[in-house]
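In what follows, a structure is listed as structure tokens, so that the remarks can point back to it.
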Amino acid sequence: MRDRIVLDVSRLPLHGMGSASPTWWATGAFMLIEGSGFGLAIAVYFYLMSLAPQWPIDAPPPDLLPGTLLTGLLLASVIPNVMVSRWAEQKQLRKVQIGLVVMSLFGIAPLALRAFEFPALHVSWDDNAYGSIVWTLLGLHTTHILTDLIDTLVLTCLMFTRHGDNARRYGDVQDNALYWNFVVITWLPLYICIYWVPRQ
Amino acid sequence: MKSRSLSALLLLLSGCSGPQSVLGAYGQAAIALKDLIVFIVLVAILIWLAVVLFMAFALLRRQRQPVLDSRSERRIMAVVAIATAATAFVVAVLTIASFYTTRALNSDGTADLTITVRAQQWWWQFIYADQDQRQMFQTANELHIPVGRTVRLHLQAGDVIHSFWVPSLAGKLDLIPGRENILTLRAEKPGVYRGQCAEFCGLQHSHMAFVVIAEDDADYQHWSTMQRLDGASPSGAEAIAGQAVFLAKPCAACHTIRGTPASGSTGPDLTHVGSRRTIAAGLLETTRGSLAAWIADPQTLKPGNNMPVVPLTADELRQLSAYMESLR
Amino acid sequence: MTQDQASATVTDLGLADAEVERQLSVTWGSRPGFWGAIATVDHKIIAKRYVVTAFVFLILGGMLALAMRLQLAEPEARFIGPDRYNQIFTMHGSNMMFLFAVPVMEAMGVYFVPLLVGTRNIAFPRLNAFSYWIFLFGGILLWLSFALDTAPDVGWFAYVPLSGPEYGSGKRADIWAQMITFTELSALAVAVEIVVTVFKQRAPGMSLDKVPVLVWAMLVMSFLVIMAMPAIMFASSTLILDRLVGTQFYNPAEGGDALLWQHLFWFFGHPEVYIIFVPAVGMVSTILPAFVGRPLFGYVLMVMALITTGILSFGLWVHHMFTVGLPRLGESFFTASSMAISIPAGIQIFCWLATMWAGRPVFRTPFLFVIGFIVTFVIGGLTGVMVASVPFDTQVHDTYFVVAHFHYVLIGGAVFPLIGAIYYWFPKMTGRMMSERLGRRAFWLIFIGFHLTFFPMHILGLVGMPRRVYTYQPELPWGSLNLFVSLSSLVLALGFLIFFIDAFRSWRYGAPAGPNPWNATTLEWTTSSPPPSYNFRRIPVVDARELPSPENGEFAVASGLRTDRRELLVTSVVEALPEARESSPADSVWPFWAAIATSIMLIWSMFSPWAVVWGSIPIAITLIAWFWPKGSAEDES
Ligand code: HEA
Ligand code: HEA
Ligand code: CUA
Ligand SMILES: [Cu+2]
């Protein structure tokens with residue numbers, strides 16, 4: 001069979017941004033996977049609650065302070081996050097570098113607060129099913145923060161090397177920012193579940 | 001070949017099928033279920049025949065060129081649409097039929113008798129409750145019910161999930177730790193119906209059978225009166241010695257024999273073990289020989305079950321089995 | 001980089017065909033030698049490994065089936081004791097579902113989706129390599145445990161409390177749960193790759209209404225994986241937590257619940273069976289037209305039916321729990337939804353029948369398997385409709401009737417199409433034809449052996465035989481039927497044996513196939529058999545659902561991709577309009593090391609929760625090494 005050339009693609013850009021980039025879609029798919037996971041975990045929370053004669057089981061409702069502070073912190077981090085994403089879109093290397101350093105700090109700070117959240121639950125994971133599910137919810141989200149933090153740290157280092165100034169890297173920064181927004185958004189229903197539902 | 005096996009199935013549907021069969025239905029629920037099953041199976045056979053005959057015809061009819069013109073495509077599409085509509089209709093009919101059968105099974109009326117069923121690895125405990133504590137009694141692996149009466153079973157699990165299934169009387173229902181299920185039985189005909197645990201529950205799931213004995217009111221009354229009595233005092237030297245062995249050995253730690261100090265509860269109540277048809281959850285017919293064989297080496301007969309081998313001399317074994325047999 | 005710079009680099013514009021091929025095979029080829037083989041990211045090589053490994057697991061699982069049939073051939077047989085039997089049926093089920101059926105379907109997707117959509121490699125090829133290693137190590141873990149007599153023994157759905165801390169002894173249930181983590185991890189990775197390949201790497205012009213049905217099927221399967229697998233990951237992880245650190249998810253005494261496990265398992269487990277079945281539908285829809293000489297009837301209906309099946313499959317899970325005593329109203333809802341799935345299934349059957357009706361059949365081996373599939377699957381589907389009725393199911397649940405149902409749909413509905421697909425695509429994958437003579441024999445032995453083996457199980461179930469029993473008592477009237485079933489399974493095994501012999505021999509000695517032995521009309525047939533490492537010399541440009549017949553010579557393509565580095569075309573989701581030239585990663589050994597590190601962490605975590613902390617460090621290191629740019633042409637845009 002002979003080829004009949006009907007299309008010349010040599011003038012296309014070498015990397016698509018946003019929805020033109022495969023990594024953007026992969027990030028979306030992973031968010032769908034994790035979203036399903038969190039959705040299920042929340043469903044399990046309510047399922048166990050529906051079975052229990054009283055909720056929380058044998059424990060006072062969790063203290064509000066650390067969790068609420070963390071929520072505030074996460075919400076505040078969205079602003080620099082969106083800015084980093086915008087700078088990456090404009091391919092402003094310097095600003096992206098600084099922004100990523102800031103975002104790394106915004107990744108570490110919630111982990112410090114998280115350390116106070118577990119004791120504030122006033123229940124241990126092995127006391128009863130209530131303890132198990134709230135520890136799991138918090139634990140899942142902590143892993144979530146942690147993985148994104150490591151991703152951010154590696155990316156920050158990368159942006160300071162010669163590989164940094166590159167369309168693909170800027171795309172990675174944007175995807176990373178997208179992911180952090182997801183980390184923040186998934187926290188909100190978890191926050192309500194863990195801290196406010198037991199106060200009903 | 002296929003249609004022959006299908007007609008074999010039809011033949012089977014009409015009868016003879018053993019002591020534990022969906023097709024030999026003698027309980028109110030089982031009869032309703034059998035009617036539904038026969039109906040759905042017949043519908044399914046018709047659908048399958050239609051599909052396969054049509055396919056055979058499509059493949060084997062006189063060959064021609066592939067049909068591609070849009071007029072014939074539209075005609076075919078109309079046929080597909082009709083077939084789809086027919087599918088929806090059949091499915092609706094089957095759903096409604098199931099719904100009504102389920103409703104018919106759900107007799108909320110008052111029960112004539114309430115029995116608690118506790119399943120454990122790997123035997124069945126049937127507790128006949130009574131207002132008067134002293135009138136309460138229990139059996140193992142053998143459930144007696146009066147014919148024509150509504151019997152309500154409270155299903156509980158002692159350890160893992162099991163499932164209570166006597167196909168000749170009713171559909172199955174699971175026994176789940178932390179929950180209680182309620183099953184209603186009504187036998188329409190006297191008889192001995194076999195049942196078996198239907199949820200995988202570990203090593204001896206295969207040997208977790210029981211029988212349901214449906215008898216007329218008089219027989220049932222007689223039986224339950226007998227069961228309320230304490231264990232028979234042994235008569236004869238062998239049996240008397242057997243009782244002593246029983247009480248001296250670890251047996252009494254696991255088994256209860258009312259009227260003696262033995263009051264263990266991890267194993268079946270043995271107060272009337274000699275009167276039961278089988279031992280070890282349907283494994284062996286109750287005879288003196290099988291009792292001896294069981295007591296001597298339960299782990300070979302039913303590997304993994306929860307009764308340990310208790311070391312006994314030949315004499316002790318003989319005496320014990322005599323005593324067990326005498327507990328009628 | 002600006003567009004002008006881009007056009008300054010070397011592309012295939014103006015190069016002669018032979019020169020393009022030479023340069024592309026240098027750029028896309030894998031290095032020879034052991035490390036070259038470990039490092040390769042060619043989707044075809046990885047998919048072949050996947051397929052072969054999965055078939056090895058089929059043989060192993062089949063041997064276990066024969067062992068079970070030996071034990072069940074007579075009442076109170078003593079060939080296999082209860083402990084071993086329980087391991088065997090658990091291994092058989094888990095192995096067949098998690099190590100054979102799901103992976104083999106994904107593997108076919110990994111091989112054919114890139115070819116069918118006309119691209120050079122799957123999206124995220126390194127992730128693809130990683131997923132294969134993880135799958136392999138998970139399988140080895142399970143089979144090693146069997147060799148050491150510590151295999152899981154709690155059934156393929158591992159109900160608690162039997163699998164919980166109190167009753168599940170040793171590490172058996174942990175091995176089951178961790179094997180799940182392995183296989184689900186690899187399945188999720190493949191699902192993401194397939195979704196992105198289908199969405200972003202289709203040949204220019206292949207708008208959504210021109211996507212081959214098989215690709216649609218793989219897409220639906222991938223979404224099912226993405227939505228369903230988190231449930232089982234959650235379930236298996238919490239089971240391990242209950243067993244290892246004393247959480248109370250499944251302990252009713254502390255507010256947990258045994259049924260929670262069943263809900264989570266089946267929320268995954270039901271879609272799981274369609275994960276297996278949906279690709280088979282795609283295969284049938286692809287094979288059938290090639291042998292009746294006309295396009296598939298009702299393309300749009302078929303795609304709609306696939307999508308509907310996928311969506312509905314999340315609303316049926318409770319039909320596996322009809323005997324746990326849920327409220328009647330809820331159960332009726334699940335009866336209705338389960339039965340409703342017959343409507344899309346029916347549409348599929350009707351479209352295939354219509355295609356046959358309007359076509360002119362040529363009875364070659366792949367087509368025989370398609371016919372065998374329809375005959376068999378309809379029985380399995382109809383028994384599915386039977387057990388979907390709550391009252392009906394209370395009599396047959398957990399009996400051999402259900403065993404019959406699911407072997408009819410799994411083997412009749414998925415393995416028959418799969419073997420047909422192997423006969424059909426073997427020439428593409430190896431460049432050689434399989435034997436028509438042996439193929440027919442294999443077909444008849446498998447088809448007849450199958451029905452003789454599994455049809456009587458319906459009757460066994462109705463006359464009261466529960467499943468998962470290692471033996472039964474002589475006074476029950478099951479002996480002769482069981483003996484018959486066991487003998488028939490030998491016929492079935494012989495059929496499989498012939499199939500394997502045929503495949504094995506043809507790989508070496510089969511007649512050369514040429515690019516398109518069946519005159520088929522999908523893109524994979526436009527390239528050579530087996531396809532070169534870069535799949536297509538130039539990316540095809542598509543303007544119809546069916547390819548122009550290959551005889552009329554010219555073939556529309558796109559030009560302008562670089563030949564000195566791995567590059568492929570990214571197109572838009574709906575219309576498949578070209579959007580970018582994207583580089584595709586080079587070979588790397590890091591996915592392999594990452595898989596090793598992950599396996600160590602997963603296995604270690606059966607023994608200590610700290611494994612998750614310490615074991616994650618090597619994983620992080622290998623992942624960073626994997627993603628860190630190494631200055632190759634592919635790393636830079
Ligand atoms: C490939 C795998 C596959 C497929 C495709 C199916 C398809 C179906 N299955 Fe099956 N199923 C399994 C694999 C599969 N199943 C497995 C593995 C188990 C057991 C798990 C275990 O316990 O170990 C199981 C168990 C199972 C149960 C639980 C039984 C029990 O444990 O008691 C139920 C109950 O509803 C069920 C229902 C159905 C239905 C309604 C379909 C439908 O999709 C079928 C639809 C198809 C048709 C109906 C035929 C074609 C249609 C026509 C020709 C049109 C005309 C039809 C009508 C008018 C009705 N299945
Ligand atoms: C796709 C999935 C799949 C496949 C293909 C099979 C295939 C077979 N299955 Fe299986 N089966 C399941 C999935 C599957 N099964 C599942 C999920 C369960 C439930 C498990 C549970 O309850 O937990 C089950 C349970 C199950 C049981 C019930 C066990 C019990 O409840 O106690 C039985 C009993 O007969 C059985 C039999 C068979 C047989 C005879 C085959 C045959 O078709 C096998 C035929 C294949 C071979 C025999 C291999 C042949 C190859 C050779 C011999 C050639 C050697 C070649 C070389 C060396 C080159 N299966
Ligand atoms: Cu009890 Cu099975
Ligand atoms: Cu299902």
Side-chain angles (χ1 to χ4, degrees), chain A residues 1-17 19-23 25-26 28-30 32-41 43-44 47-48 51-53 57-58 125-133 135-136 146 150 154 158 161-163 166-169 171-172, chain C residues 1 3 6-7 11 13 17 123-124 188 192 195-196 199-201 204 226-227 229-231 233-234 238 241 245-249 251 254-257 260 263-264 526 537-538 541 550 553-561 569-570 573 578-583 620 624 627-629 635-637:
Chain A
M1 243 184 307
R2 267 167 299 115
D3 287 352
R4 178 165 48 90
I5 296 172
V6 295
L7 184 68
D8 177 0
V9 297
S10 62
R11 297 200 154 263
L12 289 176
L14 284 178
H15 182 73
M17 299 298 266
S19 74
S21 137
T23 30
W25 286 90
F30 281 113
L32 194 56
I33 293 172
E34 278 156 36
S36 313
F38 280 114
L40 269 163
V44 169
Y47 179 86
L48 290 170
L51 292 180
I57 304 175
D58 296 337
W125 68 84
D126 55 358
D127 283 351
N128 54 44
Y130 164 72
S132 306
I133 185 64
W135 274 74
T136 305
L146 200 64
I150 294 175
V154 173
L158 196 55
T161 69
R162 69 191 161 88
H163 304 289
N166 173 317
R168 178 179 299 268
R169 291 295 94 71
D172 291 345
Chain C
M1 241 184 250
Q3 298 199 355
S7 60
T11 70
L13 278 176
D17 288 355
F124 314 111
L188 282 169
V192 172
V195 167
V196 176
F199 278 176
K200 295 309 293 176
Q201 295 186 193
I226 287 176
M227 309 289 289
M229 298 267 170
M233 296 269 268
F234 187 86
T238 46
L241 287 175
V245 299
T247 54
Q248 309 284 5
F249 284 101
N251 179 4
E254 293 293 350
D257 183 34
L260 172 59
H263 283 294
L264 284 172
T526 61
R537 181 171 56 223
R538 295 192 179 85
V541 175
E554 290 207 318
F555 186 59
V557 294
S559 177
L561 288 184
L569 203 57
V570 169
V573 174
E579 282 182 336
R581 294 155 50 193
E582 185 77 49
S583 68
I624 292 171
F627 285 106
W628 195 269
D635 288 336
E636 313 298 331
S637 282

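Protein chains get the first letters and strands the later ones, always in sequence-line order, with residue 1 at the start of each.
- Within the 4.5 angstrom heavy-atom criterion, no atom of A:Ala52 approaches chain C.
- The structure places CZ of A:Arg4 at 13.0 Å from CZ of C:Arg538, a figure rounded to the nearest 0.5 Å.
- With a 4.5 angstrom heavy-atom cutoff, A:Ala43 does not touch chain C via any of its atoms.
- C:Met229 contributes atom CE, which lies 12.0 Å from atom OG of A:Ser36 (distance to the nearest 0.5 angstrom).
- By the side-chain hydrogen bond (donor to acceptor under 3.5 Å, both in side chains) test, C:Asp257 pairs with A:Tyr47, B:Arg179, sequence neighbours left out.
- Residues C:Phe249 and A:Thr136 are in side-chain contact: their nearest non-hydrogen atoms beyond the backbone lie under 4.5 Å apart.
- If you measure heavy-atom distances from C:Val195 to chain A, you find no contacts under 4.5 Å at all.
- Of the two parts of C:Phe124, only the side chain, counted from C-beta on, holds a non-hydrogen atom closer than 4.5 Å to a non-hydrogen atom of chain A.
- When each of A:Asp172, A:Ile57, A:Thr23, A:Ile150 is checked for heavy-atom pairs under 4.5 Å with chain C, A:Thr23 comes out on top.
- Counting only distance, with no hydrogens or angles, the side chain of C:Thr247 and the backbone of A:Trp125 share no donor-acceptor pair below 3.5 Å.
- Counting heavy-atom pairs closer than 4.5 Å to chain A, the top-ranked of the candidates C:Ala556, C:Pro204, C:Ala231 is C:Ala556.
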Stepwise side-chain contact (heavy atoms from CB on, under 4.5 Å) test for C:Val192 and A:Ile33: CA-CA 9 Å; C:Val192 172; A:Ile33 293 172; 3.9 Å; yes
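- Proximity to chain C (any heavy atom under 4.5 Å) is restricted, for A:Thr161, to the side chain, taken from C-beta onward.
- Interface check for chain C: of the options A:Ser21, A:Ala26, A:Gly37, the most heavy-atom pairs under 4.5 Å are formed by A:Ala26.
- Residue C:Ala620: no heavy atom, backbone or side chain, is found under 4.5 Å from chain A.
- When heavy atoms are compared at a cutoff of 4.5 Å, C:Pro578 approaches chain A by way of both its backbone and its side chain.
- Looking at C:Ala123, neither its backbone nor its side chain comes within 4.5 Å of chain A, counting heavy atoms on both sides.
- Contact annotation for C:Val557: both backbone and side-chain heavy atoms come within less than 4.5 Å of a heavy atom of chain A.
- In this structure, chain A has a heavy atom under 4.5 Å from the side chain of C:Phe199, while its backbone stays farther away.
- C:Pro629 has its side chain out of reach of A:Arg168: every pair of non-hydrogen atoms, C-beta onward, lies at least 4.5 Å apart.
- When heavy atoms are compared at a cutoff of 4.5 Å, A:Ile133 approaches chain C by way of both its backbone and its side chain.
- Residue A:Asp58 does not touch chain C at all, counting heavy-atom pairs closer than 4.5 Å.
- Residue C:Leu13 touches chain A through its side chain alone, counting heavy-atom pairs closer than 4.5 Å.
- Between the CD atom of C:Glu254 and the CG atom of A:Asp127 there is a distance of 8.0 Å, given to the nearest 0.5 Å.
- Contacts of C:Leu561 with chain A are made by both backbone and side-chain atoms, with heavy-atom separations under 4.5 Å.
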Working for side-chain contact (heavy atoms from CB on, under 4.5 Å), residues A:Phe30 and C:Leu188: CA-CA 9 Å; A:Phe30 281 113; C:Leu188 282 169; 5.9 Å; no
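- The two atoms that bring C:Glu582 and A:Pro22 nearest to each other are OE1-CD, 3.6 Å, heavy atoms only.
- Contact of the A:Leu12 side chain with the C:Val570 side chain is not registered, since no non-hydrogen atoms from C-beta on lie closer than 4.5 Å.
- A heavy-atom distance below 4.5 Å is found between the side chains of A:Leu32 and C:Met227.
- The line from CD1 of A:Ile5 to CZ of C:Phe555 is 12.5 Å long, rounded to the nearest 0.5 Å.
- Note that the CG atom of C:Leu241 and the CG atom of A:Asp126 stand 11.0 Å from one another [nearest 0.5 Å].
- Only the side chain of A:Leu40 has a heavy atom closer than 4.5 Å to any heavy atom of chain C.
- Of the two parts of C:Leu260, the backbone and the side chain both hold a non-hydrogen atom closer than 4.5 Å to a non-hydrogen atom of chain A.
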